[in-house]
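One structure is given here, and the rest of the page talks about it.
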Amino acid sequence: MKNILDVNDLRKTILRMAFKGSTVHIACSLSIVEILAVIYRSHLNYDVKKIDDPTRDYLILSKGHGVMAQYACLRELGLISKQDIENYFGDGTMLKGLSDSRVPGLEVCSGTLGHGLSVATGLALGAKRNQTHQKIFAVVGDGELNEGPCWEAIMFAGHHKLENLMIIVDKNNFQALAETKEIINQENLSKSIESFGFEVLSVDGHDEQELDTAIENLFQSDTLKPKAIVANTKKGYGISFMEDSNEWHYKRLDDETYQAALKELELKK
Amino acid sequence: MRDAFSTELIKLFSKDPKAILLTGDHGYGLFDSLRKKHSDQYLNVGVAEQNMVGVAAGLSRSGFKPFVYALSCFVPVRVLEQIKIDVCHDRLAVIFIGDGAGFVYSHLGTSHQSTEDIAVIRSIPNINILSPADRFEMISCVNLAYSLEESVYLRMGKSDVGDIHQDTPQLKLGDLLPIKVNKSNIHFIATGSMVKTAVTLAEEFEVSVSSAPCLKPINKEQVSQICQRNEIVVTLEEHSIFGGLGSIVSEIASEISQAKVLRIGVEDRFTKYCGTYNYLLKEQGLDLSSVRSKIKNFLKKA
């Protein structure tokens, strides 16, 4: 998986899908691009030819709203086709607006929030009991952490010392309708998670090197603790007029905004 | 019946090291022997039912056979969405046991009573519903649930109303079990605790009685035959008259027969007062004499 998953290309795919399907949830997909790219590229033991291999590592996208970012990765990995991207949201097509386990490469149904993390926790417990040394990644949103079951899972993982579980929080500081600090303030997120027995690092969620090192270091740590990374991200990252604004949680691209967004990505090349 | 449940579970757990019991801090005394014999196959997940179902889904994907135990007001009612999304959508073989269904926790009030569990679970695809009437049906149901490799909701209601069968019945998924046969044109179909009531009233009304330990799927052929051969079918359940056994039988009857169906169950109301189980049955019109009058009135009009 080396030398693939260029984040600029992934963002282009997201925009393409969003434009073709006239879909929402653009900004919350853009914030997790680096996170997914780094996991797939360097940390996930995952054979695209054997996606049902029971010994694979798991990447659980608990914040199902960011699914376009995962589709973009799966496109690069060859699991979904160009046609799938071009026909996004067409009648009778496979790719939905939230994560769905029927799609090859997606592990769970999510988007009704606070589910994926519990399933990931069960997978981590299963892998630990089976002594298979599988890693289980769960990508959750900071808005998603409003959900009680997330904290049930965090308490459980801490208690059972599930050292093979890594939660990555996409801390983009927004949720559907407003900034998280206006709704449920999560100022001390790292400390909160740490207090349940996790080893936690806080990183720039758009710095691939930093993410890479943090994942590496946490898994090399010999403490028997579950891991978490609080990835500080920007909602809408990569497109100047979408960044740090909540407008693009629900706004759709038109010709003009699509071309303007693409142009920005071209200039970054 | 609860002893039969726990004994069968121990037998299965001895054979299958991947079987694992998850409880949401419930089951006082029920799993003592299981814990003694198979401590590593018992997991108290804490008072966190939603996470428990997600964890069960993860364990199932990792090759384990999870049995998820709680009171039925929590599993399946509280965690309906987790059962739908995390388990049923992906056809995972997780067995849910909802204990104390109906009015077992009569003194504790509405929060611990569940008379909507069958209705809500029935509308979710890829899950079976079993509802045993006595310890013998329980033995059949636990083993059936285990053998299915599909998700199952096993409803455990009032467990000490007495035996219906003399021995463990052969149970094929969906089948009704004939309990009493009579030549009249009235047939009682009951499930769970209310099978006892049906049997008690059977002599008086000279009717046939069937027990329905499988509510989903249900053997449509058998139900159709009962509806075609009888003018009146009475369903009895310690569950809402909406969405449970009464609805199941009515749906089938409406397609193929002229039979009138009287649904005896919980009317559209919460319980109001505290009291014994028998008191609450009376409050809800499910005690023997209320059921008798309901049937008599129905027969007069029919």
Side-chain angles (χ1 to χ4, degrees), chain A residues 51-58 60 62 64 96 98-103 106-138 140 147-160 162 164-165 196, chain B residues 13 16-26 38-68 70 74-75 78-96 124-127 151:
Chain A
I51 59 170
D52 292 325
D53 183 347
T55 64
R56 68 189 181 276
D57 287 348
Y58 282 86
I60 306 283
S62 196
K96 299 163 189 171
L98 297 166
S99 178
D100 187 306
S101 57
R102 286 171 201 257
V103 177
L106 298 187
E107 303 284 7
V108 295
C109 286
S110 63
T112 170
L113 296 169
H115 281 249
L117 184 50
S118 289
V119 177
T121 303
L123 283 165
L125 179 67
K128 189 171 173 168
R129 286 184 167 227
N130 289 334
Q131 298 179 321
T132 50
H133 307 291
Q134 289 160 281
K135 296 188 291 293
I136 317 293
F137 293 90
V140 305
E147 292 277 11
C150 290
W151 296 98
E152 295 180 1
I154 287 169
M155 286 191 280
F156 182 91
H159 178 87
H160 289 277
L162 301 179
N164 51 350
L165 174 71
F196 290 112
Chain B
F13 278 47
D16 184 353
K18 288 289 187 188
I20 181 166
L21 183 99
L22 279 69
T23 169
D25 207 23
H26 274 140
H38 306 288
S39 60
D40 57 334
Q41 288 169 269
Y42 170 90
L43 185 61
N44 187 339
V45 175
V47 193
E49 297 85 4
Q50 300 173 90
N51 184 53
M52 173 162 66
V53 176
V55 167
L59 284 171
S60 171
R61 285 159 177 262
S62 310
F64 289 84
K65 180 87 177 180
F67 288 69
V68 176
F74 304 111
V75 171
R78 183 181 181 129
V79 296
L80 189 66
E81 193 192 82
Q82 275 77 14
I83 292 178
K84 169 185 158 189
I85 302 292
D86 303 343
V87 175
C88 293
H89 181 270
D90 294 331
R91 293 181 176 274
L92 300 178
V94 178
I95 297 168
F96 299 98
I124 294 178
N126 305 338
I127 187 162
S151 45

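Order of the sequence lines sets the chain letters (A, B, ...), proteins ahead of strands, with each chain counted from 1.
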Part of Ala153(A) lying under 4.5 Å from any heavy atom of chain B:
both
Which bit of Ile20(B) is near chain A, if near means a heavy-atom gap under 4.5 Å: side chain, backbone, both or neither?
side chain
Given the options Gln82(B), Met52(B), Glu49(B), His89(B), which has more heavy-atom pairs under 4.5 Å with chain A than any of the others?
His89(B)
Answer with yes or no after comparing the ring centroid distance for Phe67(B) and Phe13(B) against a 6.0 Å cut-off, counting only values under it.
yes
Polar contact flag, side-chain donor to acceptor under 3.5 angstrom, Ser118(A)-Asn51(B):
yes
Please look at Glu81(B) and chain A and tell me whether the side chain, the backbone, both or neither of the residue comes under 4.5 angstrom of a heavy atom of that chain.
both
Which portion of Val53(B) sits near chain A, non-hydrogen atoms under 4.5 angstrom:
neither
Donor-acceptor under 3.5 Å (Asn130(A) side chain, Ser62(B) main chain)
yes
is_close_aromatic(Phe156(A), His160(A)), centroid dist under 6.0 Å:
yes
Against chain B, work out which of His159(A), Glu107(A), Arg102(A) has the most heavy-atom pairs shorter than 4.5 Å and name it.
Arg102(A)
I need the minimum non-hydrogen distance between Val55(B) and Leu125(A), along with the two atoms involved.
CG1-CD2, 4.3 Å
